[in-house]
Amino acid sequence: MPDPPIVTRFAPSPTGHLHIGGARSALFCWAFAAGLKNLGLDGRFMIRIEDTDQARSSDESARGILEDLAWLGIEWDDGPELRLGSGRTVGGDSRGVGPYFQARRVATYNAYAEDLIRRGRAYPAFETSEELEARRKAAVAAKRTYRFERPGDLVAGEFPRGRWERAVKGERHVVRFLSPREEVVVPDRVLGDVRIAPGELDDFVIRKADGFPTYHFAVVIDDELMGVTHVMRAQEHLANTPRHVAMQKALARLDTGAPFRTPEYAHMPLIFNMDGTKMSKRDKAKAARKAAKDATTKGATPASLAGACGLEEGPVAGFLAAEHDRLDVAEALARHLKVTLPEIEVWDFRRNGYLPEVITNFIALLGWSSGLKDGQGKDVEKFDMRFLAEHFSIERIGRTNARFDRAKLLAFNADAIKGMEDGAFASRWWSWLGEHEPEAASTVRRAFGDDPPASPRLVMLGRALKPRARTLREALAAARFALVGDDAYDFDQAAVAKHLQGEGGRGLDLVRQVRERLAGLGDGEFTPDQVHAIAEQLAQQSGAGMGAVSQAVRVAVTGAGVSPGIGETLAVLGKASTLARLDRCLRACVV
RNA sequence: GGCCCCAUCGUCUAGUCCGGUCCAGGACGCCAGGUUCUCAUCCUGGAAACAGGGGUUCGAAUCCCCUUGGGGUCACCA
């Protein structure tokens, strides 16, 4: 018989998008399993959806989370099936331990709860939420630590017959676990043994009044039944783990009678914002509110903002007053005020033009490092998924919380973009545009043909964009000059005055001369090098200098003083557009 | 507040397990130069950390203790 598989799992609750911290947890679990596969072992990465909160869970969220994972390249062996764009399917239940949605496993949890009750390790409890809340308040008022106090009629190991009968008759109740009275030890591969003194654990709820298991209970049952051997998750779960260990010691499998095993635990450090606060989607609302408030000090009103955003005044006013954090309002305000909301969820990064391989690389560095140095003794910190799988180990997970440094992420993303082949960049940018900026995509199609990445001019544009864009979205901003119609761009008056009209219109004169020389170039000769050579020639012959010529032409064809190199700028536009723009400038900017 | 976890440049970290090669290395950011037709890119250089105090030791960033600081968690949410 082959060795049983080594199984890691990521178990998100489908109540929103995939958080960047969740992505890191998933990544480490994936890397561990993938590393075992490299060694020829049966390592498996599993996904389970923890949807026991009926009110907050949704199928759309579950699907979104799976798609974001797949986009990052974090693919699972076991779990819900997802069909990729390529037609390939990830997930599935080849081990036969599903279903992977906890809401579909309620019967199993109930069977285990009943077994626990019959063996005197759990009991129905009838206190109402209100009662409990009152007790909690009283404890806080008396400055006592609140713990649920075990009713006096219970004896560990004895079936609570009276309570059971009340419960069976339909009396509303929860089921509580009868916590052990001895020390609980959580063996953790990152932190070492964590010991909890006797009496620290109270009798916590394992089944809610609605019949659904609590998180703690479902996790313990599922991890055992699904063969999970390694639980790697964020440190925020550490304090819960003693409960899990305590339950594992009390539970036995209904099918084989074997006691539950305690998996290997590895709790990883948390990820925070640069200011030390938790990274939360609320940050987006905060940022939008701040921008909106700045705008109101400059004269905007809730009504004017609402109008500009196409929203009702009520929600906007409420948002400004921090009565709610509606994301749609935050995003509309951000769009209008041209501020970028902080990226918190994978989807945010994706939409803003970060590369998946950069994100996985960067988050892998938060709480883990390979410890390897390159030939010059520098830390190896740029790597791909393959490297991660090969070098990941639990031993090298750190213990200290990390802050999410957006500047460094941006730098990594910028480097990755710079390092792309021209053609690769063009096609990735194009597909990003199609997905996230459809309007710009159709403009690109108009300007560069039906298959833009195949257009030499678009590839040329891409080459010019790469060093100027840290994200695919920034590339769009840098490309605007080429996407606007030949007669549709505005002239920056200051730039016109300085570079065209100044010194008695010398700039305009240079534009005229450039236009003449450019007109002599054949279509096939309209390359960055040829165009640049012409500009340089004129710069020399006229004695004006390259700066004067370039800036004059630049302002003439783009309206502003900033664009890629002058040769590239004109070549990307092409001969016809360049001449049309030059002519337009000559008409529009005469003194 | 109880319980638990953590502690190297502003940030991510190497070095800590197996004290000496560390007056602590790298990356991002920052500062100063340089290249350049603008903006970027690129190149060179620089400032920048072992939280504090006690031990142990010939010797401590590395081991022990205390203090301080940070964080997590205390739900019929996961």
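Just so it is clear: chains get the letters A, B, ... in the order the sequence lines come, proteins before strands, and each one is counted from 1. The analysis underlying the following values was restricted to heavy atoms, covering all of them including side chains, and did not include hydrogens, waters or symmetry mates.
- In this structure, rC50(B) makes no Watson-Crick or G-U wobble pair, since no nucleotide meets both defining distances under 3.5 angstrom.
- Closest contact between the side chain of A407(A) and the listed nucleotides rC28(B), rG2(B), rC4(B) involves rC28(B).
- Across the protein-nucleic acid pair, I271(A) atom CD1 and rU13(B) atom C1' stand 14 Å apart, rounded to whole Å.
- Here the C1' atom of nucleotide rU44(B) and the CD atom of Q376(A) are 15 Å apart, to the nearest Å.
- When rounded to the nearest whole Å, the span between CZ of R396(A) and P of rC17(B) equals 14 Å.
- The nucleotide rU11(B) finds its pairing partner in rA27(B), both defining distances of the Watson-Crick or G-U wobble pair being shorter than 3.5 Å.
- Contacts with RNA chain B (heavy atom under 4.0 Å) in residues 202-209 of chain A: V205(A), K208(A), A209(A), listed by number.
- Residue Y265(A) contributes atom OH, which lies 16 Å from atom P of rC5(B) at whole-angstrom precision.
- Remark: aromatic rings of Y489(A) and F491(A) are close, center separation under 6.0 Å.
- Here the side chain of A402(A) is nearest to one of rA75(B), rA27(B), rC12(B), namely rC12(B).
- Checked for salt-bridge contact, R135(A) and E149(A) miss the test: no charged N lies under 4.0 Å from a carboxylate O.
- Under the Watson-Crick or G-U wobble criterion, with both distances below 3.5 Å, rU57(B) is left unpaired in every strand shown.
- Nucleotides rA51(B) and rG25(B) are separated by 16 Å at their P atoms, to the nearest Å.
- Rounded to an integer number of Å, the gap from L461(A) CG to rA40(B) C1' is 14 Å.
- Taking atom CZ of residue R144(A) and atom C1' of nucleotide rC3(B), one finds them 17 Å apart after rounding to whole Å.
- Of all nucleotides listed (rA14(B), rC28(B), rG2(B)), rG2(B) comes nearest to the side chain of T145(A).
- Nucleotide rU21(B) forms no Watson-Crick or G-U wobble pair with any nucleotide shown, as no partner meets the under 3.5 Å limit on both distances.
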Report each atom pair, protein N/O against N/O of nucleotides 46-53 of chain B, whose distance is under 3.5 angstrom.
none

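- For R399(A) and rU8(B), the CZ to P distance is 11 Å, given to the nearest whole Å.
- For D53(A), counting side-chain heavy atoms from C-beta on, the closest listed nucleotide (rC77(B), rA14(B), rG29(B)) is rC77(B).
- Distance from the side chain of V562(A) is smallest to rU38(B) among rU38(B), rC4(B), rC12(B).
- Nucleotide rC3(B) is matched to rG72(B) when pairs are restricted to Watson-Crick or G-U wobble geometry with both distances under 3.5 angstrom.
- Checked against rC37(B), rG72(B), rC5(B), the side chain of Q235(A) finds its nearest nucleotide in rC5(B).
- Comparing the C1' positions of rC77(B) and rU11(B) gives an interatomic distance of 32 Å, to the nearest angstrom.
- Computed from coordinates, the R195(A) CZ to rU73(B) C1' distance equals 20 Å when rounded to whole Å.
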